[in-house]
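Counting starts at 1 for both ligands and their atoms, following the listed order. This one's a predicted model, so the numbers in the text were calculated from it and none came from an experiment.
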Amino acid sequence: MISPLLSNYAPADLSFEKGEGAYLIGNDGRRYLDFYAGIAVTSLGHAHPRVVKAIQDQAEKVLHVANLFRIPEQEELARKLVDATFADAVYFCNSGAEANECGLKMIRKYFSANGQPEKFRVIGFNDSFHGRTLATIAAAGQEKLLEGFGPAADGYDHVEAGDLEAVKAAITPETAGIIIEPIIGEGGIRVMDPDFLKSLRDLCDENDLLLMFDEIQTGMGRTGKLFAYEHLGFHPDIMSSAKALGNGFPVGACLAVEKVAKCMTVGSHGSTYGGNPMAMTVASTVVDVMTEEGFMDHVSRIANHLKQSLNGVVDRYPSVLEELRGVGLHLGLKCKVENSALIAALQKQGALTAKAGDNVVRLLPPLIIEEQQINEFINALENACEELSQ
Ligand SMILES: *Cc1c(COP(=O)(O)O)cnc(C)c1O
């Protein structure tokens, strides 16, 4: 007999009754410091009063109407995101993978609508992650995501992240765009060199290609800006967002500049749930909180404190930790021991973290984290390192 639940995950034997800010209360009665935030999702912490209120109020009005009718909450959130970013228009969906699907479809549609349907290929990067749909596993350069699922969807080429010459060599008359995470997240918190990203922007401009950033993990304040591209001084043509956008309520968004967005004509794409009043109200509240004066200053300040403290631990335990990576509160500890051993040792100390590729432990605390909770985490990390260095 198999479990009635599909066996595609291997969860730790722990569940949670409730959450409060940066803490999760386990069914074992323990209070855990949440340093993974549901994989960069609950960035405002658990049970944030404004998010709770928004959900309660909207639940009493209307949850869903489908896109057969105007959805004012959708128009309002689209306006907020357009005002806060480079984008001119936004499409709403329910997850990160769907947001990327929309972006990848838009790249093709743009060239098709402009009389160049032969341009449809997209260059992606080794060890990136864009979701689990057939197109997004083909776009990411990871064999293990494709295994067992038949021939990979056509139209994706891969090169090593950071290798500009390889990108140039991969461009053909069929190339339509480039998709990249400005910081490779699942693949091990690998921060892309800003010069490399700028070169991609230039290459796209010179070769008439579209540049798409997957900001599903880096976006919504994680790096100390609303989106990571804001650190760079230029912007992509298309950008996906999800994860922290709904603080736990499923929602995704694909943002684009006008010339791309206007190719998505009536009937070209859609979603039944996408952009429903409940999802929009929650995401709108998250955007409001994050764009309030002082919010990102707090993220940058607290991130500096965390980084400094973490670097101290890395220096003190060279047999356990190799280096600290990341920007803002999008951090990773590259380990010398097995990353899963450090995660287990941290859990014993009451701190929850997440695994990433390249033997990295991801540290993704909620953005509302305070200094005292950081000190608590550092204490847990010291104890875990002490145990592992014996
Ligand atoms: C999580 C993630 C996705 C996929 O999002 P889902 O909501 O799981 O579909 C895509 N890209 C990046 C960079 C992510 O971190």
At a non-hydrogen distance cut-off of under 4.0 Å, which region of [X] contacts ligand 1 (side chain, backbone, both, or neither)?
{"X": "Glu181", "answer": "side chain"}
{"X": "Glu98", "answer": "neither"}
{"X": "Ile39", "answer": "neither"}
{"X": "Ala97", "answer": "both"}

Short list, please: which atoms of ligand 1 are under 4.0 Å from a heavy atom of [X]?
{"X": "Asp214", "result": "10 (C), 11 (N), 12 (C), 13 (C)"}
{"X": "Gly96", "result": "5 (O), 6 (P), 7 (O), 9 (O)"}
{"X": "Gly131", "result": "4 (C), 10 (C)"}
{"X": "Asn100", "result": "10 (C), 11 (N)"}
{"X": "Lys243", "result": "1 (C), 2 (C), 3 (C), 14 (C), 15 (O)"}
{"X": "His130", "result": "10 (C), 11 (N)"}
{"X": "Gln217", "result": "15 (O)"}

Closer than 4.0 Å: a protein non-hydrogen atom to atom 8 (O) of ligand 1:
no
When every non-hydrogen atom of Lys336 is compared with those of Pro318, the smallest separation belongs to NZ-O, 2.8 Å
Taking every heavy atom of Gly185 against every heavy atom of Ala356, the minimum-distance pair comes out as O-CB, 3.9 Å
If only side-chain N and O atoms count, and only distance matters, is there a donor-acceptor pair under 3.5 Å linking [Y] with [X]?
{"X": "Glu215", "Y": "Ser241", "value": "no"}
{"X": "Asn126", "Y": "Gln142", "value": "no"}
{"X": "Arg362", "Y": "Gln217", "value": "yes"}

For the residue pair Arg31 and Tyr23, would you count it as a cation-pi contact if the rule is NZ or CZ under 6.0 angstrom from the ring centre and within 45 degrees of the ring axis?
yes
What is the ring orientation for Tyr91 with His269, classed by angle as parallel under 30°, tilted 30 to 60°, or perpendicular over 60°? tilted
inquiry  = Using a strict threshold of under 4.0 Å (side-chain N to carboxylate O), is an ion pair present between Glu181 and Arg190?
reply    = no
Exercise. So, Arg325 and Asp358, do they make that salt bridge, N to O below 4.0 Å?
Worked result: yes
Practice prompt. Check whether any N or O atom of Ile216, backbone or side chain, sits under 3.5 Å from an N or O atom of ligand 1, and answer yes or no.
Written response: no
Nitrogen or oxygen atoms of Ala242 and ligand 1 under 3.5 Å apart | no
